Amino acid sequence: MVRYLKKHSGGNMQQKIVPIYEPVKIEKKWQKTWEDLNQHKAVIDPDKPKHYALTMLPYPSGNLHIGHWYAITPSDAHARFMRMNGYNVMFPMGFDAFGLPAENAAIKNNIHPKQWTFQNISHMREQLKTMGCMFDWDREIISSEPDYYHWTQWFFLKLYENGLAYQKFSPVDWCPTCNTTLAREQVWGDDRHCERCETPVIKKDLNQWYFRITNYADELRSFDGIDWPERVQTLQNNWIGKSFGALVTYKTEYGDPLEVFTTRPDTLWGVTFMVLAPEHPLVAKLTRSENSEAVQKYIDQAKFHTDIQRESLDREKTGVFTGSYAINPVNEERIPIWIADYVLMGYGTGAVMGVPAHDQRDFEFARKFGLKIRVVIQPEGTELLDADTMTASVPAIGAMVNSGDMTGTPGDEAIDKVIDWLEERQIGKRTTTYRLRDWLISRQRYWGAPIPIIHCPKCGIVPVPESELPVRLPDDVEWKPTGESPLRLHPTWKHVNCPKCGEPAERETDTMDTFMCSSWYHLGYLSPYYPNWPFKQEEYDYWMPVDIYTGGIEHATMHLIYTRFFHKAFRDIGILKGNEPMLMLRNQGTVLGEDNEKMSKSRGNVVDPDKLVNSYGADTVRAYLMFFARWELGAPWNSSGIEGSSRWIRRIWSTVLEPAETKKNIDPEVFKVLKRRIYQTVASVTRDFQHFQFNTIVSSLMEMLNEMIKAKNAGAYGTTEWNEAVDIYLRLAAPIIPHITEELYALLGNSGSIHLAQWPEMDEEAAKEELITLVVQINGKLRGRLVLPAGSSEEVVKEEAMKLESVSAMLDGKEPKKLIVVPNKLINIVV
RNA sequence: GCCGAAGUGGCGGAACUGGCAGACGCGCACGACUCAAAAUCGUGUACCUUGUGUAUGUGGGUUCGAUUCCCACCUUCGGCACCA
């Protein structure tokens with residue numbers, strides 16, 4: 001029911017009644033209508049170009065916050081824009097529903113994680129609906145549904161079959177609060193804390209499952225054919241960390257050959273010692289009996305060190321001599337082998353050649369333990385280096401000295417030449433090393449997809465047969481204060497018979513990292529819970545790849561790298577096509593609290609979207625979020641700023657609906673300007689949508705409304721020209737503010753939804769300005785303006801400019817040196 | 001230390017390919033309406049020493065002309081870091 005409150009009388013017109021703008025009512029009505037009409041259902045249509053718009057799915061934490069709105073509603077506006085431009089658009093939504101907070105809630109509030117999760121989902125689904133987005137709810141997926149994690153487990157088995165999943169016993173990062181291991185990507189900051197709870201991690205020796213993401217290190221560095229922000233590319237490339245260099249083999253006196261990786265083979269003649277990581281497998285063999293006590297003590301200490309985390313950043317170098325020696329293959333020199341914890345087992349070969357003159361870490365180590373220093377590089381323009389007096393290493397590239405046959409090789413070719421030299425003699429080879437480690441996916445938690453593996457005392461690791469998937473989580477579990485996984489403690493769940501030999505065996509009790517679930521959810525939307533395969537092939541062939549993916553940049557080195565790895569691996573396994581899952585990526589920034597700080601309950605600076613929607617309506621919240629900052633940067637919230645968007649929307653309402661007197665003899669210029677401005681707006685709004693510049697879309701629409709009000713005041717209301725402008729205006733605004741535009745579209749007598757209408761076509765002719773204001777500069781400074789017909793020739797511009805009083809006064813009889821004319825823009829007179 | 005992003009009025013921001021710096025909005029001031037207030041509408045709003053004036057973090061450079069291109073530096077934010 002519409003309440004008619006405002007009465008209007010314009011001049012001699014009859015009294016008219018105008019409905020009042022009640023956003024909440026209108027929005028509810030249209031959301032229901034769209035749902036009833038199935039307007040957002042995405043169905044394969046071979047006659048239309050497809051557009052798969054994807055936004056990162058939320059974790060069902062319990063409540064939607066303003067950040068969700070900021071991420072999702074502009075993505076929706078863009079999807080709507082694409083639909084009006086003739087694309088068959090799919091814009092799905094779902095829930096990343098496994099994960100630790102559900103378990104923490106279980107422990108704290110004695111509620112089952114499943115119940116907690118599904119309660120939150122039903123609440124958040126309703127909150128999401130208030131956004132008025134074009135979600136196709138028929139495609140919703142929830143990653144904790146057995147029919148979903150069935151396929152998460154199936155993907156695991158495929159990786160295992162293809163040698164891309166393996167189990168390894170080694171020291172791993174353990175979060176003592178979350179009681180689970182973490183992937184390297186989830187350990188952040190100087191103090192190496194848990195990404196989720198910020199507790200510093202400790203090291204534990206555990207048998208864990210890994211995915212061979214390192215097989216794809218090189219390919220992941222390439223972003224060919226996809227349009228992803230430079231920023232994300234840089235973050236991923238830093239994370240992967242490619243280094244070029246050489247692998248050099250040293251002989252040892254009492255053991256096996258020792259391989260080292262170096263990016264500076266040109267310094268090989270400056271090697272005066274060798275350092276191994278404490279965990280290096282050759283340590284035991286190389287340690288001489290008279291040194292073994294000291295070495296053992298050092299190793300124990302090193303372990304203790306990592307456990308209490310590495311304290312300070314300027315750690316003093318520590319180390320111990322093994323008693324044995326290696327032979328430098330380039331000059332047959334005998335060099336001592338040391339052990340030190342500044343060498344990491346996880347990178348390169350876990351052994352490093354010490355070049356104190358040209359590496360700062362080696363320099364500090366050599367000075368501390370009185371090891372030899374030898375200069376072998378002399379960079380151009382620096383003083384002659386002297387090993388005895390130098391106070392720091394000189395890592396710069398430079399000509400080689402004291403290097404046998406290679407002495408004199410210039411710096412710019414030294415590395416390459418030395419590697420050739422090593423390869424000829426078969427003592428080393430060209431190599432690339434990556435910082436990226438394999439992805440640790442085991443979690444010692446209950447609320448995740450169980451790893452579908454059975455450990456048999458006879459057969460070893462046996463994968464669960466595909467026909468037995470999904471391996472379901474048991475519901476009857478309890479949490480012990482020890483923090484141990486309830487799966488491990490469950491009395492019966494883990495006991496099964498080996499699928500191979502039939503003898504009693506045990507299930508793997510670890511579950512998978514939730515990033516495994518989100519690595520393929522874009523495929524889950526194609527055909528939710530389809531029982532025969534992870535997706536229906538025809539859906540895949542039509543919709544994939546994702547055309548536009550939007551979400552936060554915080555996932556740059558986690559989800560966004562995992563999902564690319566996942567796609568490439570399954571391309572090679574033969575399940576997916578193409579090299580990349582998502583063609584275009586755009587990241588939104590962060591909405592901060594009004595105090596310019598990160599929003600948090602403890603700070604009390606949290607903005608509640610539900611409250612805003614209730615008082616302003618979803619359209620205003622959407623418009624303000626798109627207007628108030630550059631989307632990719634974000635900004636602090638400003639609660640008085642939203643008033644501006646609210647005013648704009650209410651003014652659209654009154655400008656369109658409140659009648660005004662139509663003048664008989666309107667200046668035809670009014671219509672010309674109105675038409676020109678509306679088509680200029682078509683141009684700028686279209687362009688800005690293509691570039692994800694939502695803030696300028698809204699500001700051009702605000703400007704256009706101001707123009708329309710001018711035309712209305714000049715008497716244009718109700719004319720054909722006016723109605724045309726209103727029609728175009730509503731269609732331009734529809735993706736941003738879908739409810740009010742739909743309501744006005746209907747009130748103006750249109751049938752059908754504005755969102756299924758065509759995007760306004762551009763009329764270049766109408767948009768052209770007839771008169772142009774040219775800027776007249778003298779020596780680059782503004783000195784006057786000229787109004788001339790568009791396209792005036794250079795001669796005319798020059799002539800007219802010279803006639804200007806301000807110009808002649810400035811010239812004072814002098815002849816201009818030069819005249820620069822930029823057509824339709826300016827003339828610069830150089831004196 | 002390395003890599004990246006950003007620095008423009010009181011505030012958020014705009015300026016498309018090197019061409020009128022400050023669009024649009026907030027805030028503020030004044031006015032209209034009102035008994036009054038709110039809402040709404042209208043006008044104004046970079047700065048100063050008021051002029052051939054200054055101004056886009058600072059200092060240089062290229063150019064007829066620079067927020068935009070180049071060099072050096074400063075600040076803030078983010079990532080990486082004993083990675084050989």
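A, B, ... follow the sequence lines: proteins, then strands. Residue 1 opens every chain. Since this is a predicted model, take the numbers as computed values, not measurements.
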By nearest nucleotide on RNA chain B, pick out whichever of A/Asn779 and A/Asp362 is the more 5' one.
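Here A/Asn779 is the residue nearer the 5' end.
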Contacts of A/Gln693 and A/Trp239 projected onto RNA chain B by closest heavy atom; the upstream (5') one is A/Gln693
Between the base of [N] and the side chain of [X], is there a donor and acceptor pair under 3.5 angstrom?
X: A/Asn828; N: B/C64; value: yes
X: A/Arg435; N: B/C80; value: no
X: A/Lys825; N: B/C20; value: no

Closest approach to the side chain of A/Ala635, judged atom by atom: which nucleotide of B/G13, B/C83, B/G19 is it?
B/G13
A/Val830 side chain reached by A/Ile820 side chain, heavy atoms, under 4.5 Å
yes
Residues that A/Glu597 engages under salt bridge (charged side-chain N to carboxylate O under 4.0 Å, His left out), provided they are two or more places apart:
A/Arg603
Which residues satisfy the ring-ring contact (aromatic ring centres under 6.0 Å, His included) test with [X], sequence neighbours excluded?
X: A/Tyr717; answer: A/Trp722
X: A/Trp653; answer: A/Tyr21
X: A/Tyr434; answer: none
X: A/Tyr729; answer: none

Rounding to the closest angstrom, what is the interatomic distance between [N] and [M] at atom [atom1]?
N: B/G4; M: B/U54; atom1: C1'; result: 34 Å
N: B/G79; M: B/G25; atom1: C1'; result: 33 Å
N: B/U56; M: B/C69; atom1: C1'; result: 16 Å
N: B/G78; M: B/G31; atom1: P; result: 47 Å
N: B/A46; M: B/C11; atom1: C1'; result: 13 Å
N: B/A21; M: B/U75; atom1: P; result: 31 Å
N: B/A23; M: B/U76; atom1: P; result: 30 Å
N: B/A5; M: B/G22; atom1: P; result: 28 Å

Atom [atom1] of [X] to atom [atom2] of [N]: distance rounded to whole Å?
X: A/Lys781; N: B/A55; atom1: NZ; atom2: C1'; answer: 11 Å
X: A/His691; N: B/U17; atom1: NE2; atom2: C1'; answer: 13 Å
X: A/Arg783; N: B/G19; atom1: CZ; atom2: P; answer: 20 Å
X: A/Trp648; N: B/G13; atom1: CH2; atom2: P; answer: 19 Å
X: A/Arg687; N: B/U17; atom1: CZ; atom2: C1'; answer: 12 Å
X: A/Arg630; N: B/G7; atom1: CZ; atom2: C1'; answer: 11 Å
X: A/Leu592; N: B/C77; atom1: CG; atom2: P; answer: 12 Å
X: A/Glu632; N: B/A14; atom1: CD; atom2: C1'; answer: 13 Å

Please enumerate all residues that pass side-chain hydrogen bond (donor to acceptor under 3.5 Å, both in side chains) together with A/Gln693, with sequence neighbours excluded.
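Testing A/Gln693 for side-chain hydrogen bond (donor to acceptor under 3.5 Å, both in side chains), a comparison that skips the adjacent residues, returns none.
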List in chain and number order the residues that pass side-chain hydrogen bond (donor to acceptor under 3.5 Å, both in side chains) with A/Arg783, two or more places apart in sequence or in another chain; answer none if no residue qualifies.
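Testing A/Arg783 for side-chain hydrogen bond (donor to acceptor under 3.5 Å, both in side chains), a comparison that skips the adjacent residues, returns none.
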Indicate, with a heavy-atom threshold strictly under 4.0 Å, whether [X] touches base, sugar-phosphate, or nothing.
X: A/Lys817; result: nothing
X: A/Ile820; result: base
X: A/Arg650; result: sugar-phosphate
X: A/Thr557; result: nothing
X: A/Val275; result: nothing
X: A/Gly634; result: sugar-phosphate

Can you give the donor-acceptor pairs under 3.5 Å from side chains of residues 697-706 of chain A to other protein atoms, not counting sequence neighbours?
residue	atom	partner	partner atom	Å
A/Ser699	OG	A/Asn695	O	3.3
A/Ser699	OG	A/Thr696	O	3.3
A/Ser700	OG	A/Thr696	O	2.6
A/Asn706	OD1	A/Arg651	NH2	2.6

Is a donor from one side chain sitting under 3.5 angstrom from an acceptor on the other, for [X] and [Y]?
X: A/Ser646; Y: A/Arg650; result: yes
X: A/Gln360; Y: A/Ser393; result: yes
X: A/Tyr298; Y: A/Thr322; result: no

Under a cut-off of 3.5 Å for both distances of each Watson-Crick or G-U pair, what dot-bracket string does RNA chain B give, using [ ] for crossing pairs and | for inter-strand pairs?
(((((((..(((......[....)))((((((.......))))))(((..).))..(((((..]....))))))))))))....
Classify every nucleotide of nucleotides 21-34 of chain B by which part a protein heavy atom approaches to under 4.0 Å, writing B for the base, S for the sugar-phosphate alone and - for neither, in 5'-to-3' order.
--BBSSS-------
Quick check on contacts: within residues 352-361 of chain A, what sits under 4.0 Å from RNA chain B by heavy-atom distance?
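Those residues whose heavy atoms fall under 4.0 Å from RNA chain B, taken from residues 352-361 of chain A in numerical order, are A/Val352, A/Arg361.
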For B/G44, is chi within 90° of 0 (syn) or not (anti)?
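Base orientation: anti.
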Table please: side-chain donor-acceptor pairs of residues 619-633 of chain A below 3.5 Å, with sequence neighbours left out.
residue	atom	partner	partner atom	Å
A/Asp619	OD1	A/His739	N	3.3
A/Asp619	OD1	A/His739	ND1	2.9
A/Asp619	OD2	A/His739	N	3.3
A/Asp619	OD2	A/Ile740	N	2.7
A/Thr620	OG1	A/Tyr616	O	3.4
A/Arg622	NE	A/Ile736	O	2.8
A/Arg622	NH1	A/Asp76	OD2	2.9
A/Arg622	NH1	A/Met131	O	3.0
A/Arg622	NH2	A/Asp76	OD2	2.7
A/Arg622	NH2	A/Pro735	O	2.9
A/Tyr624	OH	A/Asn638	O	3.1
A/Arg630	NE	A/Glu632	OE2	3.2
A/Arg630	NH2	A/Glu632	OE2	3.3
A/Trp631	NE1	A/Tyr70	O	2.9

Quick test of your reading of the model: are A/Arg184 and A/Asp438 salt-bridged, counting only N-O distances below 4.0 Å?
no
